[in-house]
Amino acid sequence: MQSAQQKARRKNAQVLDGSDIRELVENEGAFAKFVENKFRHLDADGDGRLSLRELQPAVADIGAAIGLPAKGSSAQADHIYSEVLNEFTHGKQDSVSKPEFQHVLSDILLGMAAGLKRDPIMILRMEGEDLNEFVESTAYEAEAVAIFSQIESGNASLRQCLPAALRQLTVDHGMPPASDSLVMEKVVEPALQELPADQLDRTASQEIFFQEFKKYLGVIARRLQECPVIVAHTENTFDGAGIRKILSNKFEFDKLLDSVWGDVPKEHKDRTSKKYLRVALDKLAASVNLPPYGAVDQVI
């Protein structure tokens, strides 16, 4: 059963399930108009083709849409940006025509829509209300005790325990990811600085932790009211159970591989490209309960 807190959060959530993307791509007239406007905007020199430089904004938009950090921020992200650019140019062209641009963009958008259909994303605006509800709820004491038992380490100070405890909270408690650099900079660290320094240096007994953690969460809730955080959240949990299940059944695994290989176009089976390997990986992911390709760096 959902808690009142979860229900309230979902009321303010925007759910992205890929339906809008599919609807756009499958409407030939609307998609052609969308591509026309996008192509004209990108074609800075008006020569009817998009150079590698002119394609960069489109690649950046696609990266942002799938949650990649800005280009240049990490080698992994840059590799994916390069792969997206290669999709447009087939790895060898120095420019693309409008029909080529439309064809590749259609494939990419439909792939994104398929991933969102399998694993919808909720866009949450976190303003501290849900966190306040959690702190004032009857569930807080039991949760705080459980968290303290996980992080308690002898003579650790509150300054050490409070941030560690914060990382145990999730969006279901009304807390955005504390490990996120923006959340850390705008919310977590300033809130900690508001607590008295002499208190933070005290050894964190369970009683002291219980009281000070509540105060800390109250300050964080107030800062979220002043500086709301937008979070993309999925309800799905990927624990590897699907992988174990499929690998334990050779018949089902072979059948799945045959199905995946059957989706690879015949003309590409002798020289399968990364594009089709990615399609295969995404289909495997859906069957073995993995997140979509590229969604979790530690898995891929």
Side-chain angles (χ1 to χ4, degrees), residues 1-14 67 69-70 73-74 121-235 237-239 296-298:
M1 179 181 294
Q2 291 181 353
S3 67
Q5 185 177 352
Q6 288 173 312
K7 290 179 181 177
R9 177 170 58 76
R10 282 166 176 74
K11 287 180 182 178
N12 299 320
Q14 177 187 358
S73 60
S74 78
I121 292 173
M122 288 192 296
I123 306 300
L124 309 172
R125 181 180 173 87
M126 311 199 76
E127 301 175 319
E129 181 180 351
D130 291 341
L131 187 57
N132 268 328
E133 286 185 14
F134 164 64
V135 171
E136 299 301 327
S137 72
T138 56
Y140 171 73
E141 183 170 356
E143 291 264 13
V145 170
I147 289 172
F148 182 75
S149 68
Q150 293 177 41
I151 65 170
E152 194 275 329
S153 56
N155 295 320
S157 68
L158 280 172
R159 192 183 300 277
Q160 297 169 306
C161 287
L162 293 181
L166 204 59
R167 290 192 288 273
Q168 303 299 313
L169 300 183
T170 69
V171 293
D172 286 331
H173 298 97
M175 181 66 205
S179 58
D180 181 85
S181 59
L182 179 63
V183 175
M184 182 69 71
E185 177 186 350
K186 300 294 185 181
V187 178
V188 174
E189 291 178 347
L192 193 63
Q193 292 170 8
E194 288 192 32
L195 300 180
D198 57 340
Q199 283 287 92
L200 292 176
D201 292 331
R202 296 175 65 187
T203 300
S205 67
Q206 179 173 303
E207 182 180 358
I208 292 174
F209 171 81
F210 179 83
Q211 296 172 348
E212 296 304 317
F213 190 45
K214 192 169 189 176
K215 292 178 185 177
Y216 186 35
L217 294 181
V219 177
I220 288 175
R222 176 173 56 76
R223 294 199 68 87
L224 285 172
Q225 291 173 348
E226 299 168 355
C227 183
V229 173
I230 306 297
V231 174
H233 174 62
T234 175
E235 296 286 283
T237 299
F238 304 104
D239 61 2
V296 182
D297 291 341
Q298 292 88 340

Just by modelled atom types, is the Lys214 backbone N or O under 3.5 Å from a matching donor or acceptor in the Tyr140 side chain?
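Confirmed, Tyr140 side chain pairs with Lys214 backbone.
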
Between [X] and [Y], what is the shortest heavy-atom contact and its length?
X: Leu224; Y: Gly128; result: CB-N, 3.6 Å
X: Asn132; Y: Ala221; result: OD1-CB, 3.5 Å
X: Ser149; Y: Ala146; result: OG-O, 2.6 Å
X: Ile151; Y: Ala165; result: CD1-CB, 3.7 Å

Using salt bridge (Lys or Arg N to Asp or Glu O under 4.0 Å) as the criterion, list what pairs up with Glu127, not counting sequence neighbours.
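In terms of salt bridge (Lys or Arg N to Asp or Glu O under 4.0 Å), with neighbours along the sequence ignored, Glu127 is linked to Arg125.
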
Who are the ring-ring contact (aromatic ring centres under 6.0 Å, His included) partners of Phe209, not counting sequence neighbours?
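Partners of Phe209 by the ring-ring contact (aromatic ring centres under 6.0 Å, His included) criterion, ordered by chain and then number, come out as Phe148, Phe213.
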
Which residues satisfy the side chain to side chain donor-acceptor pair (under 3.5 Å) test with Thr203, sequence neighbours excluded?
none

Distance in Å, [X] [atom1] paired with [Y] [atom2], rounded so as to fall on 0.5 Å steps:
X: Ser137; Y: His173; atom1: OG; atom2: NE2; answer: 8.5 Å
X: Phe134; Y: Glu143; atom1: CZ; atom2: CD; answer: 4.5 Å
X: Ile220; Y: Leu166; atom1: CD1; atom2: CG; answer: 4.0 Å
X: Met175; Y: Gln168; atom1: CE; atom2: CD; answer: 12.0 Å

Which atom pairs, one a donor and one an acceptor, fall under 3.5 Å between side chains of residues 188-200 and the rest of the protein, sequence neighbours left out?
residue: Glu194; atom: OE1; partner: Arg222; partner atom: NH2; Å: 2.3
residue: Glu194; atom: OE2; partner: Arg222; partner atom: NH2; Å: 3.0
residue: Glu194; atom: OE2; partner: Arg223; partner atom: NH1; Å: 3.3
residue: Gln199; atom: OE1; partner: Arg202; partner atom: NH1; Å: 2.9
residue: Gln199; atom: NE2; partner: Glu212; partner atom: OE2; Å: 3.0

Determine whether Leu217 and Leu169 satisfy the following criterion, side-chain contact (heavy atoms from CB on, under 4.5 Å), listing intermediate values before the conclusion.
CA-CA 10 Å; Leu217 294 181; Leu169 300 183; 3.7 Å; yes

Sequence neighbours excluded - salt bridge (Lys or Arg N to Asp or Glu O under 4.0 Å) pairs with any residue from residues 158-167
Arg159-Asp201

Got a list of side-chain donor-acceptor pairs under 3.5 Å for residues 180-187, not counting sequence neighbours?
residue: Asp180; atom: OD2; partner: Leu182; partner atom: N; Å: 2.9
residue: Asp180; atom: OD2; partner: Val183; partner atom: N; Å: 3.2

